[in-house]
Amino acid sequence: RPQHPQLIFYGHDGVSAGTKVGEVPAVAKRSDHHPVWTTDGRVCWFASEAEAEAGVIRAYDRLDQQLLETPQLNETPHAQGAPTINHDGSLLIAEAWSRPQFPGRWDLLRYQR
């Protein structure tokens, strides 16, 4: 996947060594970036952009090794990105471009799980 970032998770011993502990499965021509974690380290929220498609926000459960359903989060024809979350991942804030029924160009989207 040249030029398409992938999220790879590492654990670190706090002194000198790190080891790979997981990853979001790679998809051809898709860039995954701007990861944020719940405080327990289980769920990773991130921005995801496939070529010729609008950017979306995804969530990946590291323990179950699967993408999570995010009903209504990405129901827009326009780009979204740069997620940030509260401690348990139940509240997400992200940038959203020209989302239907919003007044501006770039807005902040608040999503509650």
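Keep in mind that what you see is a predicted model, and the values were worked out from it rather than measured.
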Are any side-chain N or O atoms of Gln6 and backbone N or O atoms of Val24, one a donor and one an acceptor, separated by less than 3.5 Å?
->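 Judged by distance alone, yes, a pair lies under 3.5 Å.
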Residue list, side chain to side chain contact (heavy atoms under 4.5 Å, CB included) with Tyr10, at least two apart or on another chain |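 In terms of side chain to side chain contact (heavy atoms under 4.5 Å, CB included), with neighbours along the sequence ignored, Tyr10 is linked to Ile8, Lys20.
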Side chains of residues 46-56: which donor-acceptor partners sit under 3.5 Å, not counting sequence neighbours?
residue, atom, partner, partner atom, Å
Ser48, OG, Arg30, NE, 3.4
Ser48, OG, Asp32, OD1, 2.7
Ser48, OG, Arg58, NE, 3.0
Glu49, OE2, His33, NE2, 2.7
Glu51, OE2, His4, NE2, 2.6

Test side chain to side chain donor-acceptor pair (under 3.5 Å) applied to Arg113 - qualifying residues, sequence neighbours left out =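 If we apply the side chain to side chain donor-acceptor pair (under 3.5 Å) test to Arg113, skipping adjacent residues, there are no hits.
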Are Leu109 and Val43 linked, directly or through other ILVMFWY residues, by side chains that come within less than 4.5 angstrom of each other?
->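 Yes, because Leu109 and Val43 connect within a single hydrophobic cluster, where side-chain heavy atoms sit under 4.5 Å apart.
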Please report, to 0.1 Å, the donor-acceptor pairs under 3.5 Å made by any side chain of residues 71-80, with sequence neighbours excluded.
residue, atom, partner, partner atom, Å
Asn74, OD1, Ile57, N, 3.0
Asn74, OD1, Gln80, NE2, 2.9
Asn74, ND2, Ile57, O, 2.8
Thr76, OG1, His78, N, 3.3
Gln80, OE1, Arg99, NH1, 2.5
Gln80, NE2, Leu73, O, 3.1

Exercise answer: donor-acceptor pairs, residues 82-91 side-chain atoms, under 3.5 Å, sequence neighbours excluded:
residue, atom, partner, partner atom, Å
Asn86, OD1, Gly89, N, 3.2
Asn86, OD1, Ser90, N, 3.1
Asn86, OD1, Leu91, N, 3.0
Asn86, ND2, Asp88, OD1, 3.2
Asn86, ND2, Ser90, OG, 3.2
Asp88, OD1, Ser90, N, 3.0
Asp88, OD1, Ser90, OG, 2.7

Report the distance from atom CZ of Phe9 to atom CH2 of Trp37, rounding to the nearest 0.5 Å.
->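 Interatomic distance, Phe9 CZ to Trp37 CH2, rounded to 0.5 Å: 4.0 Å.
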Find the distance between SG (Cys44) and CG (Asp61) and round it off to the nearest 0.5 Å.
->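 Answer rounded to 0.5 Å: 10.5 Å.
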Closest non-hydrogen atom pair between Tyr60 and Glu23, with its separation |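 Heavy atoms only, the tightest pair is OH-O, 3.3 Å.
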Check which hydrophobic residues are tied to Ile93 through side-chain heavy-atom contacts below 4.5 Å, counting indirect links as well, and list them.
->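 Under the 4.5 Å side-chain rule, Ile93 groups with Leu108.
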Gln112 CD: over 12 foreign heavy atoms closer than 6.0 Å |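 Atom CD in Gln112 is packed in, count exceeds 12.
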